[in-house]
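Working notes, structure below.
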Amino acid sequence: MMDWTDRHCRSFHRVLTRRTRLYTEMVTTGALIHGPRDRLLAFAPEEHPLALQLGGSDPADLATCARMAEDRGYDEVNLNCGCPSDRVQNGRFGACLMAEPELVADCLAAMRNAVRIPVTVKCRIGIDDQDPEQSLRRFIDTVVPAGPEAVIVHARKAWLKGLSPKENRDIPPLDYGLVRRVKEERPNVTIVLNGGIASLEAAQEHLGWADGVMMGRAAYERPWQLARADSMLFGTADPVSSPDEALSAYLPYIERELAAGSHLAGMTRHILGLFAGRPGARLFRRHLAENAHKPGAGIEVVRHARDVLASAAMHEAA
Ligand SMILES: Cc1cc2nc3c(=O)[nH]c(=O)nc-3n(C[C@H](O)[C@H](O)[C@H](O)COP(=O)(O)O)c2cc1C
């Protein structure tokens with residue numbers, strides 16, 4: 001998720017779940033071809049299984065970038081056809097590609113020809129005045145012959161004219177029923193459901209018919225719930241059993257990254273919600289928010305935040 005997630009976030013989420021698939025935020029082909037490629041593609045070995053999400057609409061550029069993804073060791077490369085921001089519309093990629101499924105098919109075919117790792121696509125159910133009953137089916141039926149391994153559907157329209165990107169994630173209503181019908185009509189197409197899935201329980205329910213589920217905001221805002229994903233969804237042991245254990249498991253990563261020159265706040269911003277709902281959670285959050293960005297802030301800021309939390313819990317118990 002652009003501006004929210006990054007490699008620090010993914011390493012933190014890996015403390016909580018080993019089996020789920022993590023996706024990068026969208027990276028444009030222009031940025032990868034002309035920009036700071038090494039920084040944009042960097043990830044830690046523990047982040048696997050990991051997909052790189054690309055934004056673009058030039059088949060040759062997408063093929064080049066898919067190859068970069070494969071060479072760097074990504075497990076999947078995904079094409080974004082769902083992002084509604086203005087920046088994206090000017091560049092003719094993201095959600096506006098819902099109007100050009102033939103071009104998307106060309107893009108996916110070029111990517112598939114370039115790599116052996118799975119190529120997937122993420123879309124909306126439609127844009128603007130499209131009728132989702134038609135636009136989703138037309139999109140899927142046009143792009144699937146190009147061979148994507150999965151279609152991830154954010155189950156709401158995007159209004160490219162008139163709504164902000166943020167409004168476009170909440171205001172157009174979700175239509176899980178349509179995605180379900182489309183899946184039932186096309187049992188051989190792998191369809192992953194996204195949009196408004198707030199808990200693992202909800203995810204589990206959708207998995208009764210969907211091939212997969214993708215969680216965005218709920219996973220970011222309340223990361224602790226990811227800690228039961230491995231046992232609930234994959235039937236394997238969870239890596240940590242408490243938020244405190246999760247924080248301890250993330251500390252070595254923070255220390256390593258500080259030593260490599262990363263800023264503390266860039267890592268701690270992803271853990272602000274870890275203790276949500278617990279006594280002292282607000283103090284933990286505030287201590288990190290107020291101190292982690294200070295010049296030279298080190299691991300002691302996190303340790304102190306943990307002490308603040310522990311003493312709040314003791315006061316609560318007393
Ligand atoms: C801040 C933010 C940034 C996002 N960036 C991306 C992105 O880079 N690529 C993408 O496919 N979706 C992006 N999304 C959309 C989410 O992946 C997801 O499709 C959407 O939020 C609906 O799912 P959710 O209700 O589980 O969050 C972003 C969402 C947010 C809130």
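Keep in mind the model is a prediction, meaning the values are calculated, not measured. Along the sequence shown, residues are numbered consecutively beginning with 1. Atoms within each ligand, like the ligands themselves, are counted from 1 in listed order.
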Quiz item: Between His8 and Tyr253, do the side chains contain an N or O donor and an N or O acceptor separated by less than 3.5 Å?
Solution: yes
Exercise. Under 4.0 Å from a heavy atom of Asn80: give me the atoms of ligand 1 that qualify, with their elements.
Key: 9 (N), 10 (C), 11 (O)
Practice problem: Check Met26 against ligand 1 and report side chain, backbone, both or neither, counting heavy atoms closer than 4.0 Å. | Solution: both
Quiz item: CH2/Trp209 to CD/Glu184 distance, rounded to the nearest 0.5 angstrom?
Solution: 8.0 Å
Quiz item: Using a heavy-atom cut-off of under 4.0 Å, does the side chain or the backbone of Gln53 touch ligand 1, or both, or neither?
Solution: side chain
Quiz item: Identify the closest protein heavy atom to atom 6 (C) of ligand 1: which residue and atom is it, and at what distance?
Solution: Met1 CA, 3.6 Å
Quiz item: With a cut-off of 4.0 Å, which atoms of ligand 1 are near a heavy atom of Gly195?
Solution: 22 (C), 23 (O), 25 (O)
Quiz item: Does the side chain of Thr142 pick up a donor-acceptor pair with the side chain of Glu102 at under 3.5 Å?
Solution: no
Quiz item: Can you check whether Trp4 has an N/O within less than 3.5 Å of an N/O in ligand 1?
Solution: no
Quiz item: Looking just at side-chain N and O atoms, do Ser199 and Arg222 make a donor-acceptor pair shorter than 3.5 Å?
Solution: no
Quiz item: Side chain, backbone, both or neither: which part of His154 has a heavy atom under 4.0 Å from ligand 1?
Solution: side chain
Quiz item: If you count the atoms of ligand 1 from 1 in the order shown, which ones are under 4.0 Å from a heavy atom of Lys122?
Solution: 10 (C), 11 (O), 12 (N), 15 (C), 16 (C), 17 (O), 18 (C), 19 (O)
Quiz item: Between Glu47 and Arg10, is the closest basic N to carboxylate O distance under 4.0 Å?
Solution: yes
Quiz item: If you measure from each heavy atom of Ala218 to ligand 1, is any distance below 4.0 Å?
Solution: no
Quiz item: So, Thr236 and Asp230: side-chain donor and acceptor under 3.5 Å apart, yes or no?
Solution: no
Quiz item: Tell me, which protein residue and heavy-atom name are nearest atom 26 (O) of ligand 1, and how many Å apart are they?
Solution: Gly216 N, 2.8 Å
Exercise. List the closest protein heavy-atom neighbour of atom 18 (C) of ligand 1: residue, atom name, distance to the nearest 0.1 Å.
Key: Asn194 OD1, 3.4 Å
Quiz item: What do you reckon, does Arg156 have a nitrogen or oxygen under 3.5 Å from a nitrogen or oxygen of ligand 1?
Solution: no
Quiz item: N/O to N/O below 3.5 Å, does that happen between Met214 and ligand 1?
Solution: no
Quiz item: What residue and atom, counting heavy atoms only, is the protein's closest point to atom 29 (C) of ligand 1, and at what distance?
Solution: Arg169 NE, 3.1 Å
Quiz item: Got a sec: does the CD of Glu167 have more than 12 other heavy atoms crowding it under 6.0 Å?
Solution: yes
Quiz item: Any salt bridge between Arg112 and Glu149, counting N to O under 4.0 Å?
Solution: no
Practice problem: Would you give the length of the straight line joining atom CG of Asp131 to atom NZ of Lys157, rounded to the nearest 0.5 angstrom? | Solution: 7.5 Å
Practice problem: With heavy atoms of Gly196 as the reference, note each atom of ligand 1 found under 4.0 Å away. | Solution: 24 (P), 25 (O), 26 (O)
Exercise. Please work out which of the three classes, parallel, tilted or perpendicular, describes the rings of Tyr220 and Trp4, given edges at 30° and 60°.
Key: tilted
Self-check item: Closest protein heavy atom (residue, atom, distance) for atom 5 (N) of ligand 1
Solution: Met2 N, 2.8 Å
Quiz prompt | Contact atoms of ligand 1, heavy-atom distance to Arg217 under 4.0 Å | solution = 21 (O), 22 (C), 24 (P), 25 (O), 26 (O), 27 (O), 31 (C)
Quiz item: So Phe12 and Tyr250, would you call those rings parallel, tilted or perpendicular, with 30° and 60° as cut-offs?
Solution: tilted
